[in-house]
A.B. asks: 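This is the structure I want to talk about, given as structure tokens.
The sequence lines fix the lettering, A, B, ..., with proteins before strands; numbering per chain opens at 1. Worth saying up front: this structure is predicted, and the values here are computed from it rather than measured.
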2 protein chains.
Amino acid sequence: MTQATRRDRGRAETDREIRQQARALLVNDGPQAVTLRAIARELGITAPALYRYYSSREDLIHHLRLDVCNDLAADLERGLAEVAADAHLARVLTLCRGFRTWALAHPQEFALVFATPVAHDDEDARSVARGSFGRIFLVVAARVLATGTLSLPADSTVPVALLGDMTAFRAELLAMLAESGVDLPPELLGLGTAHLLLQCWVRLYGQVALEVFGQVPIVMTDPEALFESVLADLTGQFGLTAGRP
Amino acid sequence: MTQATRRDRGRAETDREIRQQARALLVNDGPQAVTLRAIARELGITAPALYRYYSSREDLIHHLRLDVCNDLAADLERGLAEVAADAHLARVLTLCRGFRTWALAHPQEFALVFATPVAHDDEDARSVARGSFGRIFLVVAARVLATGTLSLPADSTVPVALLGDMTAFRAELLAMLAESGVDLPPELLGLGTAHLLLQCWVRLYGQVALEVFGQVPIVMTDPEALFESVLADLTGQFGLTAGRP
DNA sequence: ACAGGTTGGTTAACACTGTTTACTCGACCG
DNA sequence: CGGTCGAGTAAACAGTGTTAACCAACCTGT
């Protein structure tokens, strides 16, 4: 059995090297440089050999996307590990800052998973991002919600046209939390709160994408300050005004 | 002279056809399909002939970016033309909705000009978007500001760390307005207002990018409703609560 | 222990791509 | 009319994704 295991491990090993090299090419020379022949060249093999691992180049970069998501998740968790488990607000802030920092440090990867046009019905592609770390966001958000110290928006704040979708969203959030072993009293996650969480994601994503893609309409001497200002705004909407300088 | 003109017109003509075909390939088959040989094939010429017009493929798609911006601007102006010049709030709303509608209808083009990673010092590439229609947004926003009927945020609302950048931003906005022939009393565009305008752009861009790239964490039965909700939130921040349903 | 299949890999080839070079051929100009 | 210029072409080079045929190890079943 050790033979079979060893062989599998060898295969898994080169598989890892393939994606690792692909990743290196992506970050160093941009997406158009991640080419089968270049990857093979770095590994000392020939291009067709890669077809033993991936059915096409597109298949490879799809798996690359998953890799990137996992690495981002690991990166965020690593940053989170340095914050006390009960410092809920600090955890939320480091998570948001970690997301921004990672995105700015890895623009190609960010563009690959967060800014690639995707067909509206390709549910598989759409779920890749939120599966791996949307969950992380949700969990730390739930933990701060669970303290019950926040001033949450009433359900009446959500526009009537959104009521249907927000109830579905709320249910999905609660399901994901239960699945993650976080028990949040459902009454602490009302429709207004779900709506606010969605708005938070919109603004966080928007601010980060804006910076990564250089669409801020002015060169900022201190880009972090702008980010911190939206962060303060977001936490303020939850009644958290801790330490606005 | 008519000969020279005719020759130039012939050249300009094929130039237009080149970009037109490139555009068609982009929208139909994605960015990787916009290839020199395919363009030439459609035009009935050979690929090297394109080098009489553009020094490289990259050069061509750079001009394509400019084309897209111009088309977007024209599209927005067209939509704006159908709204009374003094219906300032309605103009702002149609502008925002027009931007979203265009982006959802032209995801490839949107990705090309609004979501392509760009070096932070490439001022040329960064300014391409804001030059062509950031001005449009600014002008209609200024017109509604000029009415003086809004409740604008005090300068004290902008975080101290942003004061420097916001004064520069405010100056740039005023300069652009003067250049566009819109005279807005400077006291109606304070630092707080500049900051709020920037936040509006962040949220508008973020919401649109989120939808275009399928990063909304739930399938919405009515995506417009979500957009309208942030729109209502934005106008609400200016004290405009006209017609929230 | 040996035949047989599986598996990771190679080589050769096809149809593409961007780009350069050398060359036409026709329209313009003096 | 001779000369120049410029749009376009043909040929070529290097590099791409992908497929087909083949090869040499290895694992397995008898």
A.B. asks: Among Phe227(B), Phe114(B), Tyr205(B), which residue meets the ring-ring contact (aromatic ring centres under 6.0 Å, His included) test with Phe99(B)?
C.D. replies: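 Exactly one candidate clears the test, Phe114(B).
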A.B. asks: Applying side chain to side chain donor-acceptor pair (under 3.5 Å), name anything that partners Arg143(A), two or more places apart in sequence or on another chain.
C.D. replies: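 Testing Arg143(A) for side chain to side chain donor-acceptor pair (under 3.5 Å), a comparison that skips the adjacent residues, returns none.
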A.B. asks: Measure the shortest side-chain to side-chain distance between Asp75(B) and Thr101(B) over non-hydrogen atoms and say whether it is less than 4.5 angstrom.
C.D. replies: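 No, too far: nothing below the 4.5 Å cut-off.
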A.B. asks: Nearest whole Å is fine: how far is dA7(D) C1' from Ile18(B) CD1?
C.D. replies: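 These atoms are roughly 11 Å apart.
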A.B. asks: To the nearest 10 degrees, what angle separates the axes at the start and end of the helix from dA1(C)-dT30(D) to dG30(C)-dC1(D), five pairs each?
C.D. replies: 0°
A.B. asks: Name all pairs fulfilling the ring-ring contact (aromatic ring centres under 6.0 Å, His included) condition that reach into residues 34-56 of chain A, sequence neighbours left out, sorted by first residue then second.
C.D. replies: Tyr54(A)-His63(A)
A.B. asks: Rounded to the nearest angstrom, tell me the gap between atom CD1 in Ile61(A) and atom C1' in dT16(D).
C.D. replies: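 In whole Å, dT16(D) C1' and Ile61(A) CD1 are 14 Å from each other.
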A.B. asks: Starting from P on dG8(C), measure out to CZ on Arg11(A) and report it in whole angstrom.
C.D. replies: 5 Å
A.B. asks: Only counting residues at least two apart or in another chain, list the ones meeting side chain to side chain donor-acceptor pair (under 3.5 Å) with Ser229(B).
C.D. replies: His195(A), Gln199(A)
A.B. asks: Over all strands shown, is Tyr53(B) touching base, sugar-phosphate only, or nothing at heavy-atom distances under 4.0 angstrom?
C.D. replies: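 Result for Tyr53(B) = sugar-phosphate.
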A.B. asks: Using whole Å, what does the distance between atom P of nucleotide dG6(D) and atom CG of Asp15(B) come to?
C.D. replies: 16 Å
A.B. asks: Extract all donor-acceptor atom pairs below 3.5 Å that involve side chains of residues 170-179 of chain B and protein atoms in other chains or at least two apart in sequence.
C.D. replies:
from      : atom 1 : to        : atom 2 : distance (Å)
Arg170(B) : NE     : Leu189(B) : O      : 2.4
Arg170(B) : NH2    : Pro186(B) : O      : 3.1
Glu179(B) : OE2    : Arg135(B) : NH2    : 3.3

A.B. asks: Quick one: which of dG9(C), dG8(D), dT11(C) gets closest to the side chain of Thr14(B)?
C.D. replies: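 Minimum distance to the Thr14(B) side chain belongs to dG8(D).
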A.B. asks: Using a 4.0 Å heavy-atom cut-off to protein, can you give one letter per nucleotide of nucleotides 13-26 of chain C, 5' to 3': B if the base is in contact, S if only the sugar-phosphate is, - if neither?
C.D. replies: B---BBBB------
A.B. asks: Give me the residues of residues 22-30 of chain B where at least one heavy atom lies under 4.0 Å from an atom of DNA chain D, by number, or none.
C.D. replies: none
A.B. asks: Measure CG/Leu50(B) against P/dG6(D) and give the value in whole Å, please.
C.D. replies: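 Rounded to the whole Å, the gap is 18 Å.
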A.B. asks: Closest nucleotide of DNA chain D for Gly44(B) versus for Ala33(A): which of these residues is on the 5' side?
C.D. replies: Gly44(B)
A.B. asks: What residues form a side-chain contact (heavy atoms from CB on, under 4.5 Å) with Ala33(B), not counting sequence neighbours?
C.D. replies: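 In terms of side-chain contact (heavy atoms from CB on, under 4.5 Å), with neighbours along the sequence ignored, Ala33(B) is linked to Asp29(B).
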A.B. asks: Suppose we screen for side-chain contact (heavy atoms from CB on, under 4.5 Å). Which residues come up paired with Arg65(B), at least two apart in sequence or across chains?
C.D. replies: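 If we apply the side-chain contact (heavy atoms from CB on, under 4.5 Å) test to Arg65(B), skipping adjacent residues, the hits are Glu58(B), Ile61(B), His62(B), Leu112(B), Val113(B), Thr116(B).
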A.B. asks: Could you work out, with side chain to side chain donor-acceptor pair (under 3.5 Å) as the rule, every residue matching Thr46(B), not counting sequence neighbours?
C.D. replies: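 Thr46(B): no side chain to side chain donor-acceptor pair (under 3.5 Å) contacts found.
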A.B. asks: Using residues 17-27 of chain B as the side-chain source, report each donor-acceptor pair under 3.5 Å to any protein atom, sequence neighbours left out, with the distance given to one decimal.
C.D. replies:
from     : atom 1 : to        : atom 2 : distance (Å)
Arg19(B) : NE     : Asp67(B)  : OD2    : 3.2
Arg23(B) : NE     : Glu109(B) : OE2    : 3.2
Arg23(B) : NH1    : Asp71(B)  : OD2    : 3.0
Arg23(B) : NH2    : Asp71(B)  : OD2    : 3.3

A.B. asks: What pairs meet the salt bridge (charged side-chain N to carboxylate O under 4.0 Å, His left out) rule with one or both residues in residues 216-231 of chain A, with sequence neighbours excluded?
C.D. replies: Arg97(A)-Glu228(A)
A.B. asks: Without decimals, in angstroms, what is the distance between Leu43(A) CG and dT10(C) P?
C.D. replies: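 Computing the Leu43(A):CG to dT10(C):P distance gives 10 Å.
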A.B. asks: Does the side chain of Thr46(A) get closer than 4.0 angstrom to OP1 or OP2 of dG9(C) through an N or O atom?
C.D. replies: no
A.B. asks: Rounded to whole Å, please give me the gap between CG in Leu60(A) and C1' in dG17(D).
C.D. replies: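 Distance check: Leu60(A) CG to dG17(D) C1' gives 12 Å.
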